[in-house]
Each structure stands twice: as C-alpha cells, then as structure tokens.
A.B. asks: 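Have a look at this one.
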Amino acid sequence: MPHVDQPGSELQWIHEAIAGDKQAFGRLYDHFAGQIFRYLIFRVEERAVAADMTEEVFLRAWEKLPHFGREGRGLNFRAWLYRIAHNLVVDHYRTARPEVSFQNIPEPHSGSTSLPGIVERSDQTEQVRSALRELDEVARQVIALRFFSGLNPGEIASLLGLSEGNVRIIQFRGLKKMRGLLGAEDE
Amino acid sequence: MNEKKKAKIVESCLNAVQAGKYSREACYRRFPEIANELETAFELTDVLKGEVPSDTEKLAIKEIKTRLMNHLPDRDLGVTESDHPRYLLHTTERRFAMTWVIIVSTILSILTGTGAVYASTDALPGDALYPLKLFTEDFQLMLAPDAGDAHLYLEFTENRLQEMQRLIEKNRLNDLDEAIDGYQNQTRSMENLMAGIQAQNPDEAQQLRTEIQNQLQEQAQIMQTLMVHKSVANQDRVQEQLQLMLQTNTQTRLRIHAADEEVPEETIPEAPTEAAPTMPAEIEEDTDSDNGEQLRNNALVNAAGDGQNAVFTFRIANAAQLGVYAEMNGQRYTCAAQGDLVTCNIPQADSSGVLNLYSINNNELLYSYSYDYDWLGTKEPQSQGGSQTQSGSGSGSENGQGGKGGGKGN
C-alpha cells in the first residue's frame with residue numbers, strides 16, 4: 001500500500017493510477033513534474049537532457065506504481081519520484097563520455113525550438129551552482145535534495161541508501177565547504 | 001561539541017526556523033559555534049527554494065506531458081510480479097540451479113549408496129559428510145544469479161552459526177575453527193557481492209541491504225549469547241574467535257549500511273567525544289533523544305584484571321537489543337551482551353583510562369567509565385571522568401574490588 005502520509009487527493013490519484021487510470025496519473029504529473037524537472041535541470045545542467053529524463057522518470061513511475069508500496073519502503077510518493085530521478089542522474093553521469101566533464105556541459109541556446117530558453121537565473125543561484133560543483137558527488141546530492149528539493153534528511157537517507165545521521169553529517173560538511181566556496185568570511 | 005552533534009543542531013535549527021518556532025538570529029545566538037554553517041544553510045534555503053518555474057519551464061513541462069501521455073502503456077491489471085520478464089528470468093535461473101543441485105545430489109547419492117547429500121545438511125565440521133555439505137553450498141552459489149548469491153551467502157552464514165551453536169552444545173570446541181572461518185569468508189564474500197550489486201543496480205541493492213542488515217543483527221545477538229555460554233565462558237581462544245566474528249559482523253553491517261560506494265569511510269559517524277550544551281526545549285525535541293536517562297541507570301557491575309587483560313561487566317539497559325561495543329584510547333572492542341548485562345574483554349588494558357560503551361545500532365554513547373586501577377593490587381583513589389558525558393567513574397584493584405563502580409572480581 002502507498003505511504004500513509006500522502007495527502008488525501010494524492011492518495012486517491014495514486015490508487016486510481018495503480019488501477020490503470022491515466023487521467024489520475026496525469027494529475028500526479030501536473031502536481032510533481034515541475035519539481036522533478038527543475039531538480040533534473042539543476043543536476044544535469046542541460047535542459048533537453050533534463051526534459052527527456054523527466055519523461056523517463058514518470059514513465060518508470062507509471063510502470064512501477066503497482067509496486068510502489070513495496071519498493072517505496074516508507075518513502076512518500078514525492079520522495080519516491082526523486083529516487084527514480086536520482087537513479088537516472090547517477091546513470092547519466094556513469095555513462096557520460098569522460099571528455100564531457102560536469103563543468104563543461106554547455107548551457108542550451110535560447111533559440112532552442114521544442115524546449116526553449118535558458119531561464120534567467122540570479123547571480124546568487126549561479127554562485128551556488130558553481131560552489132556545488134566543487135563538492136564531492138554525495139555531498140552535492142545531499143545539498144541539492146535538501147535545499148533545492150526540500151526533502152528532509154530521512155527521505156534523503158532512504159533515497160541514497162544512507163543513515164539519517166550520515167546525511168546530516170554530509171550536509172554539515174557540505175555547508176562548511178560551501179561557505180568557503182561562496183567567499184563568506186568566518187566570524 | 002562534536003561534529004555529529006553540530007550536524008544535528010543545524011538540522012534542528014533549520015526545522016525550527018521553518019516551522020516558525022525559532023528565529024534565525026536566536027539560533028545564531030544560541031549556537032555561536034555553528035553560526036557560520038547555519039547562516040550558509042539559511043542562505044541556500046533562500047536562494048535555491050526561491051526559484052519558481054518560469055513560463056518557459058511551464059511550457060516545457062506541458063510538452064513533456066503530451067509526449068508522456070502518448071507513450072504510457074495501458075496497464076495490464078492481470079500482470080503480476082511473477083509474469084515480469086526479469087522476475088521470470090530470475091525464477092528460471094533459480095529453477096535451473098536447483099535442478100542441477102538435485103541432479104548432482106542424486107548422482108552422489110547413487111554413488112555413495114545412501115542419501116548422503118541430504119544427510120549432509122545436518123553435518124557438522126569434523127563430520128565425514130561435512131565436506132559434501134560445503135560442496136553442495138558452493139555448487140548452489142556457482143549457479144545462482146547475483147541477488148540469489150546474496151541470499152545464499154546469508155543462508156550459509158546462518159548455517160555456520162547454527163553449526164557453532166551445536167558444536168558448543170556438544171562441547172566439540174576443537175571443531176569450531178572451520179565454522180568460524182567459513183562464517184568470516186562468507187560474510188566477506190557477501191559484502192563484496194553487495195558492492196557489485198550496488199554499482200550495477202542501486203534499487204536492488206537498497207532492498208537487499210535492509211534484509212542483510214536485519215539478518216546480520218540477529219546473528220550478532222546469537223554470537224553474543226554464545227560468548228556467555230557456559231561451555232566457552234572460560235575458553236580464551238574461543239572468546240577471541242567469537243569477538244573476531246562479531247567484529248566482522250559489525251564492520252560488514254556498518255559498511256553495507258553506509259553503502260560504501262557512495263559514502264566515504266570518514267562519513268560514518270564517529271563516536272561522540274563530548275556533550276553538546278543544553279538546547280532550547282523546542283530544539284531538543286527535534287534532535288535524536290540523548291540517552292541521559294539511560295546513562296543514569298547504567299552501571300558497572302564488575303571489573304577484574306591481571307596486568308594483561310581486563311574484563312569489565314556493566315549493566316546497560318536493553319544491551320542485547322542495542323548491541324554494545326567498547327572504545328578505549330581510540331581502539332574499539334566488541335562486547336558480549338545478554339539481557340542487560342554486557343561483558344567487555346580488553347586485552348593489554350592500561351592501568352587507568354576511560355572506557356566508553358556505544359550502541360552498535362546507532363553509535364550512541366551508552367556509558368562512560370573512568371577507572372584508575374593498579375593492576376598489581378594497590379587500590380587507587382577513584383577518578384571522576386572529565387567530560388560531561390561521563391556518567392560513571394571508579395577505581396579498582398587487580399581483583400576488581402573497590403571503587404565507586406567496582407564490584408567483585410575473580
């Protein structure tokens with residue numbers, strides 16, 4: 001059975017989607033796709049890739065939904081979607097050609113047709129993004145999931161297969177490093 | 001304040017501020033030593049969560065939905081897990097493996113003229129049929145897929161432990177070596193296998209991890225029970241072997257738990273070294289509960305030493321469930337726990353020092369015992385522990401008598 005903490009409407013949609021109702025699944029998509037898409041853009045930094053991955057996340061979610069209660073292992077639906085997205089990001093970097101480094105992935109051009117435009121981002125966001133690149137992969141995942149996606153340490157722990165204590169410590173070390181990278185002066 | 005505590009407080013402050021229970025400034029004032037990290041955390045919250053989907057993103061999300069809904073396959077409600085191609089393959093492989101096991105078993109049975117293979121399942125190390133039992137296990141491993149291997153390794157480590165129990169009950173202590181070696185090897189193989197599964201299929205690894213950890217936890221409890229079994233209580237060598245097994249078990253659990261491919265070794269929480277200052281009530285509630293009450297109720301029962309080794313016995317609430325290890329001078333030692341009683345053997349113990357007990361489950365400090373013994377027999381004045389977390393102190397003599405926490409020794 002799905003996680004008991006689901007808000008009522010989500011729970012209803014999940015049950016209907018499990019039963020094969022595509023409209024209900026569409027409502028789940030409307031509710032969560034924005035977060036997942038933005039998280040994927042944040043992680044892979046390539047809009048077209050993030051768009052394909054978003055589609056893949058929801059396609060996998062549809063296929064796996066009947067087993068959500070068992071595979072979710074206590075995760076709520078949102079965290080479960082993030083886990084699917086996270087696994088895709090891991091696969092993406094594992095199979096990426098070595099010469100294409102994380103730092104050198106080109107930004108998409110604003111003239112892109114089907115998925116237009118770079119969203120204007122503040123300098124602050126760019127600074128944070130640059131600092132994040134300097135963290136190790138696990139710390140980057142934890143900070144992104146915690147502060148960008150708003151998942152709590154328990155959800156991140158389940159998602160990454162870590163203990164909650166580990167997640168907090170990784171987050172703490174990440175914050176420490178980020179502070180230095182963002183050029184803040186320690187008092 | 002150690003790093004683990006600081007990390008907890010950062011998280012608690014973030015939650016308290018988000019819930020409106022606490023202001024950012026109040027957090028900075030209350031925890032000046034982590035004000036920098038807190039400030040960074042709040043800045044990240046502002047910058048990253050402040051982003052809202054742009055119009056172009058909304059458009060892209062709509063386009064993705066159109067593509068997705070066109071590609072969604074109809075759900076065949078009649079399909080069950082057993083019809084899933086991957087599951088079917090798994091089942092087929094298992095069936096194939098078991099078929100071979102049965103064929104080989106039958107041939108061997110015919111050759112030996114008896115149901116030797118089947119009889120060998122009850123064989124113990126030292127028995128004539130024991131090698132046949134190991135051969136059958138190896139054969140099963142050879143034919144099983146990776147995930148099946150992990151389950152088989154778990155099953156075989158259980159076999160080794162059961163064999164040890166039976167050998168100890170029969171007082172066949174000389175035959176323990178083979179079972180212990182087998183346990184150690186199979187546990188290590190299982191850990192290696194898990195690393196491989198983690199790399200190839202994180203989802204599958206995630207599911208297996210919980211199962212393996214639970215089973216290893218149960219095995220650790222059985223080992224702790226064996227350590228205080230009357231047949232081996234005074235058998236130093238067996239005690240040492242069991243401690244080694246317990247160490248392997250604990251380390252394997254910790255490493256599997258940390259999914260070491262993704263988490264550097266250094267991120268495994270270190271044992272706490274000092275207490276955090278008292279936190280505001282609303283933040284205190286958000287952190288993992290400190291074990292203050294537990295610390296107060298725990299006590300030293302007995303201490304004994306002979307100049308080479310020291311044996312400490314403590315009463316620790318729920319010790320068997322928690323699993324207990326000791327730490328002294330940066331070295332860790334496994335302890336045997338039965339019910340609320342914990343026995344820790346410390347080889348080459350110094351004449352004075354601080355022995356900290358931690359839970360194997362969560363690395364929480366359970367008890368801290370500051371001692372000052374003259375192992376040659378002169379009773380020394382007791383020394384109180386230096387840090388706030390030290391809740392016990394004592395002194396003792398070579399027979400462990402005397403001192404605040406000391407009891408009767410050998």
Side-chain angles (χ1 to χ4, degrees), chain A residues 18-20 22 25-26 29-30 33-34 37-38 41-42 47 51 54-55 58-59 62-63 66-67 71 73 83 87 90 114-117 119-122 124-125 128 136-138 143-144 147-148 150 152-153 160-163 165-166 168-173 175-176 178-179 182 184 186-187, chain B residues 3-4 6-8 10-11 14-15 32 34-41 43-51 53-54 56-61 63-65 67-69 71-77 79 81 198 202-203 205-207 209-210 257-259 262-264 267-269 288 362-363:
Chain A
I18 288 173
K22 290 181 184 177
F25 189 72
Y29 174 92
D30 292 340
F37 183 43
R38 287 174 57 244
I41 293 174
F42 190 73
R47 185 170 304 277
T54 302
E55 187 180 347
F58 282 91
L59 196 57
W62 170 258
E63 287 168 352
H67 309 297
E71 291 183 359
R73 295 225 168 224
R83 189 166 82 182
N87 288 340
V90 171
S114 63
L115 297 163
V119 181
E120 282 187 14
R121 292 190 171 83
S122 68
Q124 272 185 316
T125 311
V128 168
D136 66 65
E137 179 57 21
V138 180
I143 298 284
F147 294 99
F148 188 84
N152 64 44
L160 298 179
L162 305 172
S163 72
N166 268 349
R168 284 196 297 259
I169 287 183
I170 292 166
Q171 174 179 289
F172 181 75
R173 290 177 183 168
L175 288 172
K176 223 170 182 169
M178 290 281 284
R179 184 171 180 81
L182 291 169
D186 287 350
E187 292 155 11
Chain B
E3 190 182 38
K4 186 179 173 188
K6 286 178 182 173
K8 266 187 199 175
V10 166
E11 186 55 38
L14 277 170
N15 291 333
I34 52 166
N36 291 336
E37 288 78 14
L38 281 170
E39 193 183 31
T40 309
E43 276 175 17
L44 284 182
T45 308
D46 292 341
V47 173
L48 296 180
K49 289 203 82 175
E51 280 201 340
S54 65
T56 49
E57 280 176 326
K58 285 177 186 165
L59 185 63
I61 290 164
E63 288 181 22
I64 298 165
K65 185 179 181 184
R67 289 207 306 262
L68 173 75
M69 299 310 274
H71 290 136
L72 276 191
D74 290 332
R75 193 173 317 288
D76 179 358
L77 296 174
V79 173
E81 184 181 55
Q198 172 69 32
D203 271 353
Q206 170 78 15
Q207 288 180 26
R209 196 176 296 130
T210 310
H257 185 61
E262 292 188 55
V263 187
T267 60
I268 294 172
D288 291 355
N362 55 17
N363 281 335

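Naming convention: chains lettered A, B, ... in sequence-line order (proteins, then strands); numbering from 1 in each chain. Being a predicted model, the structure only gives us computed values, none of them experimental.
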A.B. asks: Is chain A contacted by the side chain of B/I34, its backbone, both, or neither, given a heavy-atom distance below 4.5 Å?
C.D. replies: side chain
A.B. asks: In terms of ring plane angle, is the pair A/F42 and A/F148 parallel, tilted or perpendicular, where the classes change at 30° and 60°?
C.D. replies: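 Parallel: the ring planes of A/F42 and A/F148 meet at under 30°.
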A.B. asks: What part of A/E55 lies closer than 4.5 angstrom to a heavy atom of chain B: side chain, backbone, both or neither?
C.D. replies: both
A.B. asks: Do A/L162 and A/I170 have side chains that get closer than 4.5 Å, going by heavy atoms?
C.D. replies: yes
A.B. asks: Is A/R179 paired with B/E43 through a side-chain N to carboxylate O contact shorter than 4.0 Å?
C.D. replies: no
A.B. asks: Applying salt bridge (charged side-chain N to carboxylate O under 4.0 Å, His left out), name anything that partners A/K176, two or more places apart in sequence or on another chain.
C.D. replies: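 Once residues adjacent in sequence are excluded, A/K176 has no partner under the salt bridge (charged side-chain N to carboxylate O under 4.0 Å, His left out) criterion.
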A.B. asks: Which bit of A/Y29 comes within less than 4.5 Å of chain B, counting heavy atoms only: side chain, backbone, both or neither?
C.D. replies: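 Just the side chain, heavy atoms under 4.5 Å.
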A.B. asks: Does any backbone or side-chain atom of A/N152 lie under 4.5 Å from a heavy atom of chain B? Answer side chain, backbone, both or neither.
C.D. replies: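 For A/N152, no heavy atom lies under 4.5 Å from chain B.
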A.B. asks: Side chain, backbone, both or neither: which part of B/P73 has a non-hydrogen atom closer than 4.5 Å to chain A?
C.D. replies: both
A.B. asks: Find out whether A/F147 and A/Q171 are in side-chain contact, i.e. whether some heavy atom of one side chain is under 4.5 Å from a heavy atom of the other.
C.D. replies: yes
